[in-house]
S.K.: 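I'd like to ask some things about the structure below.
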Amino acid sequence: MEMFCYQCEQTAKGEGCTRHGVCGKDPTVAKLQDVLVHVTKGVCQYAHRARAAGAADAEIDRFVVKSFFATLTNVNFDPSRFVDLIGQAVDVRRRAKSLYESAVESPEQLSGPATFEPAAGLDGLAEQASQVGIEARRRQYGDDVAGLQELIIYGVKGAAAYLDHAAILGVEDTSAYAQLHELVACVADELADAEALTGRALETGELNLRAMELLDQANTGTYGHPEPTQVRITPVAGPAILVSGHDLKDLAALLEQTQGTGINVYTHGEMLPCNAYPGLNKYDHLVGNYGGAWQNQQSEFEDFPGAILMTTNCLMKPKDSYKDRLFTSGVVGWPDVAHVSDGDFGPVIDAALAAPGFDGDAEEKAITVGFGRNAVLGVADKVIEAVKGGAVRHFFLVGGCDGAKPGRNYYTEFASAVPDDCVILTLACGKYRFNKLEFGDIGGIPRLLDVGQCNDAYSAVKIAGALADAFDCGVNDLPLSLVLSWYEQKAVAILLTLLNLGITDIRLGPSLPAFVTEPVLGVLVDKFGLKPITTPEQDLQTILS
Ligand code: FSO
Ligand code: SF4
């Protein structure tokens with residue numbers, strides 16, 4: 001076995017990537033990520049205890065979220081960046097240790113990740129991964145417990161991504177960092193009781209809700225609340241930059257720096273909802289969206305006649321045809337792809353000006369986005385009246401990630417088959433499976449409401465909560481069903497959030513996580529009624545009956 005990773009939905013054979021990641025992650029990077037996660041767990045062991053004694057350090061907090069974010073699926077594939085991050089993690093752990101030891105009179109002697117010494121150099125580090133990776137823990141604890149520990153770590157990774165985005169915009173909450181450190185520390189301190197771990201996994205959902213709330217505050221506080229907006233989805237003539245990923249600040253900086261250059265900026269993938277923020281769409285040269293979800297990027301980037309910026313996941317192996325006009329920022333990386341680390345997008349602009357650009361305007365087509373919580377709750381009276389009067393029978397939240405594996409047509413077929421008197425809320429990149437279809441409206445309420453990115457699941461939670469308040473019932477009693485698709489660890493975090501909120505009968509697909517073993521799944525099914533998707537017809541019939 002060259003490596004072992006089973007953190008995402010497309011894992012090989014539904015069991016684990018053992019020779020090379022289906023995502024493109026090679027064994028060296030997989031092993032470096034194992035070591036980085038291990039040392040970062042050690043940081044959390046100290047940081048958690050230091051905080052309990054009243055001592056905290058903002059640099060430690062920020063490093064931990066960046067480190068976890070870097071190991072999310074499809075974020076960073078560059079071994080040199082991981083060697084560097086491991087070195088930083090050791091320094092930060094030393095700092096956390098002395099913070100802890102100076103905060104208490106008789107410090108505990110910690111073990112495990114707290115004392116693990118990474119080898120010098122890439123080969124030595126890769127060699128060590130077998131001692132600290134998932135396989136070692138599966139041997140030690142068995143599949144159920146190791147899987148539950150991973151479930152917590154994946155939920156933490158997702159929450160870390162949101163906390164990082166929020167921190168970039170200056171919004172932080174030390175109690176969220178404290179909870180994150182505590183959750184990681186419980187895994188690092190070898191919590192091995194399945195029931196206790198399940199409880200901790202649900203707490204990870206609570207952490208993630210707070211993380212998404214902070215991000216919502218950061219995004220809407222900086223760029224205003226999204227408003228229903230028509231977004232052009234066909235190109236216009238001129239030089240062009242395509243921005244993919246999820247980071248609003250990078251897009252804002254790029255828009256600022258491209259003003260007056262004649263370059264048109266397009267969103268891609270999960271950046272589509274950015275077109276609805278007043279603070280972003282005030283730039284006339286943000287001309288629209290190009291392409292679809294992340295897994296189509298190799299052909300879409302190849303065809304795009306300009307520069308491309310990838311601000312977060314989901315990055316795929318770049319083809320030579322566009323590698324020299326592809327740039328990464330933030331925690332993203334690929335060997336030999338230019339990285340913008342200082343917020344100066346000059347090289348991206350130069351590459352856009354050197355590329356041919358679009359030679360003419362394509363026929364104009366548009367879709368509507370921008371139904372965040374503020375916009376939807378702004379017309380809550382109309383929605384409630386439509387439900388009470390029988391014009392709207394049911395709401396479906398059909399959202400989550402898209403992906404390359406077969407089976408995701410389910411979501412296109414499901415959305416298409418939703419009856420005309422039902423409304424579909426959607427979010428994240430899975431919506432590209434159906435967001436260009438015509439759904440019409442019910443008495444002025446669009447039948448397809450795009451709530452935003454996966455990061456905006458907070459908005460969906462708020463909308464559901466407000467509807468439940470209006471109908472004086474619980475969210476589970478609303479005429480609302482959740483039909484979700486997952487791919488990577490942010491989706492894991494969101495699922496844990498929904499379960500922690502007590503939301504039942506969620507349908508999940510296209511396949512179930514490899515790290516959730518049968519017995520653990522049994523608990524989730526019994527307690528929450530979590531179910532795998534079946535066929536669109538059968539699921540619709542069951543829900544509506
Ligand atoms: Fe999609 Fe990728 Fe947004 Fe994920 S682009 S799959 S859950 O990273 O983050 O929805
Ligand atoms: Fe495999 Fe997913 Fe891990 Fe990539 S992130 S190595 S595809 S399980």
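Just so you know, ligand 1 is whichever comes first in the structure, and atom 1 is the first atom listed for that ligand.
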S.K.: What atoms of ligand 2 come within less than 4.0 Å of a heavy atom belonging to Gln10?
M.R.: 7 (S)
S.K.: Less than 4.5 Å apart, any side-chain heavy atom of Tyr283 and any of Val265?
M.R.: no
S.K.: Does Ser416 use its side chain to pair, donor to acceptor, with the backbone of Thr412 at less than 3.5 Å?
M.R.: yes
S.K.: Using a 4.0 Å heavy-atom threshold (strictly under), name the region of Glu488 that reaches ligand 2: side chain, backbone, both or neither.
M.R.: neither
S.K.: Atom CG in Leu183, atom CG in Asn208: separation rounded to 0.5 Å?
M.R.: 11.0 Å
S.K.: For Lys31, is there an ion pair with Glu127 - N to carboxylate O distance below 4.0 angstrom?
M.R.: no
S.K.: Within the 4.0 Å heavy-atom shell around Thr11, which atoms of ligand 2 are there?
M.R.: 8 (S)
S.K.: Considering non-hydrogen atoms of the protein only, which is the closest contact for atom 5 (S) of ligand 2, and what is the distance?
M.R.: Thr73 OG1, 3.2 Å
S.K.: Using a 4.0 Å heavy-atom threshold (strictly under), name the region of Gln7 that reaches ligand 2: side chain, backbone, both or neither.
M.R.: both
S.K.: In total, how many protein N/O/S atoms does one find closer than 2.8 Å to atom 4 (Fe) of ligand 1?
M.R.: 1
S.K.: Could you verify whether a donor N or O on one side chain and an acceptor N or O on the other, from Glu2 and Thr18, lie under 3.5 Å apart?
M.R.: no
S.K.: To which protein heavy atom is atom 3 (Fe) of ligand 2 closest, and what is the distance rounded to 0.1 Å?
M.R.: Cys5 SG, 2.3 Å
S.K.: Out of all atoms in ligand 2, which are within 4.0 Å of some heavy atom of Tyr6? Include the element for each.
M.R.: 8 (S)
S.K.: Please check if any side-chain donor atom of Tyr6 sits under 3.5 Å from a side-chain acceptor atom of Glu15, or the reverse.
M.R.: no
S.K.: May I ask you to test the Tyr266-Leu242 pair for a side-chain heavy-atom distance under 4.5 Å?
M.R.: yes
S.K.: At less than 4.0 angstrom from any non-hydrogen atom of Met3, what atoms of ligand 2 do you find?
M.R.: 6 (S)
S.K.: Evaluating non-hydrogen atoms only, which member of Ala12, Pro513, Cys8, Cys23 is closest to atom 4 (Fe) of ligand 2?
M.R.: Cys23
S.K.: Begin with the C-alpha distance, continue with both residues' side-chain angles, and end with the deciding distance and a verdict on side-chain hydrogen bond (donor to acceptor under 3.5 Å, both in side chains) for Lys25 and Gln33.
M.R.: CA-CA 10 Å; Lys25 183 160 84 179; Gln33 289 188 354; 2.8 Å; yes
S.K.: At what distance is the nearest protein heavy atom to atom 1 (Fe) of ligand 2, and which residue and atom is it?
M.R.: Cys17 SG, 2.2 Å
S.K.: Consider only side-chain N and O atoms of Tyr487 and Gln10, and report whether a donor and an acceptor are under 3.5 Å apart.
M.R.: yes
S.K.: Give a yes or no answer on whether the side chain of Ser329 reaches the backbone of Val340 with a donor-acceptor pair at less than 3.5 Å.
M.R.: no
S.K.: Looking only at protein heavy atoms, which one is nearest to atom 6 (S) of ligand 2, and how far off is it?
M.R.: Gly21 CA, 3.4 Å
S.K.: If we ignore angles and hydrogens, is there a donor and acceptor under 3.5 Å between the side chains of Glu488 and Asn313?
M.R.: yes
